[in-house]
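Reading through the structure tokens given below for one structure.
Letters A, B, ... are given to chains in the order of the sequence lines, protein chains preceding strands, and every chain is numbered from 1.
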2 protein chains.
Amino acid sequence: MKRDSRLSGVLHVLLHMAEADAPLTSENLARAMQTNPVVIRRILAGLRDAGFVRSEKGHGGGWTIARDLAAITMRDIYDAIGRPNLMAMGNRTEAPGCLVEQAVNAALDESFRDAEALLLDRFERVTLAELAADFHARMAARGIHAEEHVHG
Amino acid sequence: MKRDSRLSGVLHVLLHMAEADAPLTSENLARAMQTNPVVIRRILAGLRDAGFVRSEKGHGGGWTIARDLAAITMRDIYDAIGRPNLMAMGNRTEAPGCLVEQAVNAALDESFRDAEALLLDRFERVTLAELAADFHARMAARGIHAEEHVHG
DNA sequence: GTTTCACGTACTATTTAAAGTTACATGAAA
DNA sequence: TTTCATGTAACTTTAAATAGTACGTGAAAC
């Protein structure tokens, strides 16, 4: 089963935006993420509607962070991209008539529910400011200057 | 993201086999699972190699459980079907050169690792005997006799 | 004001993983 | 020796996600 990398991708993009002091275009970001500008716009559209980023058209336009990084958690971003499934497994049938299947589903559901709750709780506890700090720490550990972190 | 239902499906099949007092053919099981006999054989092949079920050819042949249900956990079955991904999300890139991405991945990985560990621990604690008992309880609650549980 | 730039989005195409199917070989029981 | 059932390789279909194209809207530069 292929894994969804949208959350990872969006967080990546947001941190790059946070580092930049001017708006970044979809094309800039697409290059950094090795994808298509339209894909970037699509995914950032949800974040814009949720108020986490702003977009401007025309010359000098592009994407900027709309809030303090310390006020955005990974959970916020997860919600803003539409709360995609966290668990790779599901039940064969929802609302099964077969009692055997009901018993199986009940056991699996309980475990998955708990694992999801754990994950969401973790997401809630991590702010983008903390991710940015971790990034800066990694840069410092490598003796790299801030201007050099950009892709490509 | 579509969810993998193999674990749910295999557990379902195994409990049906456990209820039956004669071998069940791939065709029987396929009808119960609303799928194709070859799909059943494919998925049970792994369980046979792991020693959880037996298969017999020819007249009166089919599939039977090879061990006491109390000695098989959901974790065993999970392992036997090849330990498919539990988490629906992954990192955009393995071994990223980008430090921003490293920081993001580190945060996500930690959470996912913990959630996986929780799930596997839960799987380990549930035996097929317990699932079967739950199934029987559901039957009793509905006033259904054992012979009537069969699909189709 | 018109050209350039950048987002907005509907629509289409590609990719990819899972599932289903066919075909035929093997082996056991009737 | 016929029938039944699994074993498995090869191929086809399907469904979802992702990528890409085309064109519209609006803002800044010239």
Self-check item: side chain to side chain donor-acceptor pair (under 3.5 Å) against Arg125(B), all qualifying residues, sequence neighbours excluded
Solution: Asp121(B)
Quiz item: In whole angstroms, how far is the P atom of dC11(C) from the CG atom of Asn36(A)?
Solution: 18 Å
Exercise. Check whether any side-chain heavy atom of Phe52(B) sits under 4.5 Å from a side-chain heavy atom of Leu44(B), and report yes or no.
Key: no
Quiz item: If you look at every strand shown and take non-hydrogen atoms under 4.0 Å, does Gly60(A) touch a base, only sugar-phosphate, or nothing?
Solution: nothing
Quiz item: Side-chain donor-acceptor pair under 3.5 Å between Ser111(A) and Asp114(A), yes or no?
Solution: no
Exercise. Determine, for Arg83(A) against Asp79(A), whether the closest basic-nitrogen to carboxylate-oxygen distance falls under 4.0 angstrom.
Key: yes
Nucleotides 9-14 of chain D: which of its N/O atoms have a protein N/O under 3.5 Å away?
{"unit_1": "dA10(D)", "atom_1": "N6", "unit_2": "Arg42(B)", "atom_2": "NH1", "d": "3.4"}

Self-check item: Leu120(B) vs Leu86(B) side-chain heavy atoms within contact, under 4.5 Å
Solution: yes
Quiz item: Which distance, rounded to the nearest 0.5 Å, do you find between the CE of Met87(B) and the CG of Leu119(A)?
Solution: 5.5 Å
Self-check item: Between dA17(C) (P) and Arg3(A) (CZ): distance, integer Å
Solution: 13 Å
Practice problem: Look at Thr35(B) and dA19(C) and indicate whether a side-chain polar atom (N or O) is within less than 4.0 Å of OP1 or OP2. | Solution: no
Practice problem: Check whether any side-chain heavy atom of Leu14(A) sits under 4.5 Å from a side-chain heavy atom of Leu47(A), and report yes or no. | Solution: yes
Quiz item: With respect to the phosphate group of dT8(D), does any side-chain polar atom (N or O) of Arg48(B) fall under 4.0 Å of OP1 or OP2?
Solution: yes
Exercise. Could you tell me whether the side chain of Arg122(A) reaches within less than 4.5 Å of the side chain of Glu110(B), counting heavy atoms only?
Key: yes
Quiz prompt | Atom-to-atom span, CD of Glu56(A) to P of dC5(C) - whole angstrom | solution = 18 Å
Practice problem: In whole angstrom, give the distance that lies between atom CD of Gln34(B) and atom P of dT21(C). | Solution: 13 Å
Quiz item: Under 4.0 Å between a side-chain N or O of Ser55(B) and OP1 or OP2 of dA5(D)?
Solution: no
Quiz item: For dG7(D), does OP1 or OP2 lie under 4.0 Å from any side-chain N or O of Arg41(B)?
Solution: no
Quiz item: Can you find a side chain N or O atom of Ser26(B) that sits less than 4.0 Å from OP1 or OP2 on dT6(D)?
Solution: yes
Practice problem: Name the residue closer to the 5' end of DNA chain D, choosing between Lys57(A) and Asp4(A) according to the nucleotide with the nearest heavy atom. | Solution: Asp4(A)
Quiz item: Expressed in angstrom and rounded to an integer, what is the separation of Leu47(B) atom CG from dG7(D) atom C1'?
Solution: 15 Å
Quiz item: Whole Å only: how far is the CD1 atom of Ile40(B) from the P atom of dA19(C)?
Solution: 11 Å
Quiz item: How long is the line joining CG of Asn85(B) and C1' of dT16(C), in whole Å?
Solution: 15 Å
Quiz item: Does any non-hydrogen side-chain atom of Arg3(A) lie less than 4.5 Å from one of Met89(B)?
Solution: no
Between the protein and nucleotides 1-3 of chain D, list every N/O to N/O distance that falls short of 3.5 Å.
{"unit_1": "dT3(D)", "atom_1": "O2", "unit_2": "His59(B)", "atom_2": "NE2", "d": "2.9"}

Quiz item: Quick one: Asp49(B) CG to dT8(D) C1', roughly how many Å, whole number?
Solution: 12 Å
Quiz item: If we only count heavy atoms from C-beta on, is the Trp63(B) to Arg54(B) side-chain gap below 4.5 Å?
Solution: no
Quiz prompt | Nearest-nucleotide pick for Thr25(A), side chain only, options being dA6(C), dA5(D), dG7(D) | solution = dA6(C)
